Student: 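Shown below is the structure under consideration.
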Amino acid sequence: MELPVLPRVPLACLPTPVEPLRRLLPALLPGAAGLPELLCKRDDLTSAPLSGNKVRKLELLLGEALAQGADTVITCGGVQSNHCRATALAAARLGLGSVLLLRTADPARPPALQGNLLLDRLAGAELRFITPAAYRERAALLEQTAGELRAAGRRPYVIPEGGSNALGSLGYALAVQELAGQLGEPWTRRPLTLCHATGSGGTGAGLLLGVAALGLPWRVAGFNVCDDRAYFVRVMGVILDDAARRFHLPAAAALSERRDAFDVRDGYVGRGYALSRPEELALLAEACRLEGLVLDPVYTGKALFGLVAELKQDPAALGEAVVFFHTGGIFGLFDEDKALALAGLL
Ligand SMILES: *Cc1c(COP(=O)(O)O)cnc(C)c1O
C-alpha cells in the first residue's frame with residue numbers, strides 16, 4: 001500500500017544516516033550471549049540546530065500551514081520543549097511568526113534563557129508561560145490563542161503538542177520508508193525492532209503505520225518517558241484513527257483495532273518527565289564515551305536506558321536486530337551540567 005503524497009516543506013537533511021553501534025552493548029552487558037545487532041538511525045541529524053524528530057513532522061504540518069495561507073503558528077510544550085524550539089526555528093525559516101505556550105512551575109518567574117528556550121527567543125517566538133494546571137487544558141488554550149490572533153487580523157495555524165496528530169505522525173511513516181530504502185535486502189526481510197522514546201505518541205504511531213503500510217516484518221517498541229502504557233496506547237489509537245479517516249488508510253484502521261498489541265515498554269519514566277536519575281546519566285555518559293553518541297537526558301537517554309535494562313533481563317527481548325531512533329534533543333543536555341557533576345560524571 002502506498003503512503004499518501006502530501007504537501008511537504010523541505011526542512012530536514014534526508015536521508016539521515018544509519019550507523020552500527022558495535023561497542024555499546026558488549027561493553028554494557030559483558031558476557032551476555034545472543035545480544036541483538038544494534039543500529040542507530042540518526043534523526044538527531046535532521047538538521048542543526050533544527051534537529052531531532054519534530055522536523056519530520058513539521059515538514060508536513062508546515063506544508064499544510066503554508067497551503068492554508070497561515071502567517072503564524074501556535075504550539076505548546078514544556079519549557080525546554082524540543083518541539084517548540086524546532087517549530088520556532090522552522091517558522092522563522094519560512095517567514096512565519098510563532099507563539100509558544102510553555103509550561104513552567106511559576107509563570108511569574110520564568111526560567112533562565114538556556115538551551116531550547118534560548119533558541120526560541122533568538123528565533124523571535126512569542127513566549128507565553130503557563131502553569132502546569134493551565135497546560136492540562138492545552139487543546140482549548142491553543143484554540144483560544146488562535147481565536148485571539150484571528151481577532152487581531154492574523155492567520156494562525158495550530159500545531160498540537162509534539163506535532164503529534166495524524167498529519168505529523170505521517171512523517172514517521174515516511175521515515176520507515178526511508179529506512180527500508182537505506183537498509184535494503186536482507187534487512188527488509190529480517191525481524192527488526194524499531195526502538196524509540198515516546199513522549200506524545202506521534203513518532204510511535206507513525207512508525208507503526210509505516211511498518212504496516214509497507215508490509216515489513218518489523219516491530220516497533222516505544223519507551224515512554226512520561227505518563228504510562230495505557231495513556232500512550234490510547235493516544236496512538238486516536239492518532240491512527242484520525243489518520244485512517246483523513247487519509248483513507250486501511251492500514252491505520254486495522255492497526256487501531258489491535259491496540260492491545262502496541263509495544264510500549266513502561267517502567268522507565270524514573271523520577272518523572274525531564275527529571276533524571278544518576279544511573280540514566282551514567283549511561284548517557286557511557287554512550288558518549290564508547291560511541292561518540294550524544295544522547296539527551298529527557299528522551300533518548302531514558303529510552304536507551306530502558307533498552308539496555310530489557311536486554312540485561314533477556315538478551316532476546318528485542319529480537320535479533322534493533323534500530324534505535326536517535327530522535328535528537330541535544331539542547332536539553334546543556335541544562336544538565338549540575339546533575340551530571342552531582343552524579344560524578346564530569
Ligand atoms: C518529542 C521527542 C520525542 C518523542 O516523540 P513523540 O512523537 O512526541 O512521542 C523523542 N525524542 C526527542 C528528543 C523528542 O524531542
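This is a predicted model, so every value here is computed, not measured.
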Student: Can you check side-chain contact (heavy atoms from CB on, under 4.5 Å) on Trp218 and Val323, steps first, answer last?
Tutor: CA-CA 10 Å; Trp218 296 354; Val323 177; over 6 Å; no
Student: Report yes or no: does Thr104 contribute a side-chain atom to a donor-acceptor pair with the main-chain N or O of Phe129 at less than 3.5 Å?
Tutor: no
Student: Taking the side chain from Asp71 and the backbone from Arg154, do they hold a donor-acceptor pair closer than 3.5 Å?
Tutor: no
Student: Is the closest side-chain heavy-atom distance between Thr203 and Lys57 below 4.5 Å?
Tutor: yes
Student: Rounded to the nearest 0.5 Å, what separation is found between the CG atom of Leu38 and the OG1 atom of Thr193?
Tutor: 11.0 Å
Student: Which distance, rounded to the nearest 0.5 Å, do you find between the NZ of Lys54 and the CD1 of Ile159?
Tutor: 12.0 Å
Student: Who are the salt bridge (Lys or Arg N to Asp or Glu O under 4.0 Å) partners of Asp296, not counting sequence neighbours?
Tutor: none
Student: How long is the span from the CD1 atom in Ile74 to the CG atom in Leu141, to the nearest 0.5 Å?
Tutor: 10.0 Å
Student: Cluster question for you: counting only ILVMFWY and a side-chain heavy-atom cut-off of under 4.5 Å, with indirect links fine, are Tyr157 and Val9 together?
Tutor: yes
Student: Go through it in stages, so that I can follow the logic: the residues are Leu102 and Asp120, the test is side-chain contact (heavy atoms from CB on, under 4.5 Å), and I'd like the CA-CA distance, side-chain angles, deciding distance and then a yes or no.
Tutor: CA-CA 11 Å; Leu102 297 171; Asp120 296 343; 4.2 Å; yes
Student: Indicate yes or no for a side-chain donor-acceptor contact from Arg85 to the backbone of Gly115 under 3.5 Å, with no hydrogens or angles considered.
Tutor: no
Student: Counting only heavy atoms from other residues, nucleotides and ligands, does the tally under 6.0 Å from CZ of Arg22 exceed 12?
Tutor: no
Student: Let me check something: do Leu318 and Leu35 share a hydrophobic cluster, defined by ILVMFWY side-chain heavy atoms less than 4.5 Å apart, either directly or through other members?
Tutor: yes
Student: For Asp43 and Thr16, does a side-chain donor sit closer than 3.5 Å to a side-chain acceptor?
Tutor: yes
Student: Check whether any side-chain N or O of Thr46 sits under 3.5 Å from a backbone N or O of Gly52 as a donor-acceptor pair, and report yes or no.
Tutor: yes
Student: Is the backbone of Ala252 close enough, under 3.5 Å, to the side chain of Ser256 for a donor and an acceptor to pair up by distance?
Tutor: no
Student: Can you name the nearest heavy-atom pair linking Phe223 to Gly306, along with the distance?
Tutor: CE2-C, 3.4 Å
Student: Are Val220 and Tyr172 side-chain neighbours, meaning at least one heavy-atom pair lies under 4.5 Å?
Tutor: no
Student: Indicate whether the side chain of Glu161 and that of Tyr135 have a donor and an acceptor atom separated by less than 3.5 Å.
Tutor: yes
Student: To the nearest 0.5 Å, tell me how far Leu14 CG sits from Leu45 CG.
Tutor: 11.0 Å
Student: Show the nearest heavy-atom pair for residues Ile239 and Ser164, with the distance to one decimal.
Tutor: CD1-O, 3.7 Å
Student: Please check if Leu119 and Leu11 belong to a single hydrophobic cluster, counting links between Ile, Leu, Val, Met, Phe, Trp and Tyr side chain heavy atoms closer than 4.5 Å.
Tutor: no
Student: Is the shortest distance from a Lys or Arg side-chain nitrogen in Arg56 or Glu59 to a carboxylate oxygen in the other one below 4.0 Å?
Tutor: no
Student: Has Ser169 got a side-chain atom pairing as donor or acceptor with Ala166's backbone, closer than 3.5 angstrom?
Tutor: yes
Student: Check whether any side-chain heavy atom of Val225 lies under 4.5 Å from a side-chain heavy atom of Tyr268, and answer yes or no.
Tutor: no
Student: Between Ala92 and Ala123, what is the shortest heavy-atom contact and its length?
Tutor: CB-O, 3.9 Å
Student: Go through Leu113 and Leu122 one step at a time and tell me if the side-chain contact (heavy atoms from CB on, under 4.5 Å) criterion holds.
Tutor: CA-CA 10 Å; Leu113 295 177; Leu122 277 178; over 6 Å; no
Student: Nearest 0.5 Å please: distance from the CG atom of Leu61 over to the CG atom of Asn165.
Tutor: 5.5 Å
Student: Considering only heavy atoms from C-beta outward, does the side chain of Pro111 approach that of Leu117 to under 4.5 Å?
Tutor: yes
Student: Are Leu293 and Arg42 packed together at the side-chain level, in the sense that at least one heavy-atom pair is separated by less than 4.5 angstrom?
Tutor: yes
Student: Does Leu345 reach the side chain of Leu284, with side-chain heavy atoms less than 4.5 Å apart?
Tutor: no
Student: State whether the number of non-hydrogen atoms from other residues, nucleotides or ligands found under 6.0 Å of Glu137 atom CD is greater than 12.
Tutor: no
Student: To the nearest 0.5 angstrom, please state how far the CG atom of Leu179 sits from the CZ atom of Phe325.
Tutor: 5.0 Å
Student: For Arg271 and Ser276, indicate whether the former's side chain and the latter's backbone hold a donor-acceptor pair under 3.5 Å.
Tutor: yes
Student: Between the main-chain N or O of Gln80 and the side-chain N or O of Asn116, is there a donor-acceptor pair closer than 3.5 Å?
Tutor: yes
Student: When you measure from the side chain of Arg229 to the backbone N and O of Phe262, does any donor-acceptor pair fall under 3.5 Å?
Tutor: yes
Student: I'd like to know if Val211 and Val264 are part of one continuous hydrophobic network [Ile/Leu/Val/Met/Phe/Trp/Tyr, side-chain heavy atoms within less than 4.5 Å].
Tutor: yes
Student: Are Glu64 and Arg246 close enough for a salt bridge, meaning some N to O gap below 4.0 Å?
Tutor: yes
Student: Between Ala91 and Val73, what is the shortest heavy-atom contact and its length?
Tutor: CB-CG2, 3.8 Å
Student: Please walk me through it: do Thr72 and Glu126 pass side-chain contact (heavy atoms from CB on, under 4.5 Å)?
Tutor: CA-CA 10 Å; Thr72 308; Glu126 183 187 323; over 6 Å; no
Student: Pick from Gln182, His196, His326: which one makes a side-chain contact (heavy atoms from CB on, under 4.5 Å) with Lys41?
Tutor: Gln182
Student: Return yes if some donor-acceptor pair links the side-chain N/O of Glu291 with the main-chain N/O of Arg23 below 3.5 Å, else return no.
Tutor: yes
Student: Linking I/L/V/M/F/W/Y whenever any side-chain heavy atoms sit under 4.5 Å apart, do Val235 and Tyr299 land together?
Tutor: no
Student: How close do Gly204 and Met236 get, counting heavy atoms only, and between which atoms?
Tutor: C-SD, 3.8 Å
Student: Does any part of the side chain of Ser47, heavy atoms only, come nearer than 4.5 Å to the side chain of Cys13, both counted from C-beta?
Tutor: yes
Student: Can you see which heavy atom on Leu275 is nearest to which on Lys302, and at what distance?
Tutor: O-NZ, 2.8 Å
Student: Check whether any side-chain heavy atom of Phe247 sits under 4.5 Å from a side-chain heavy atom of Leu170, and report yes or no.
Tutor: yes
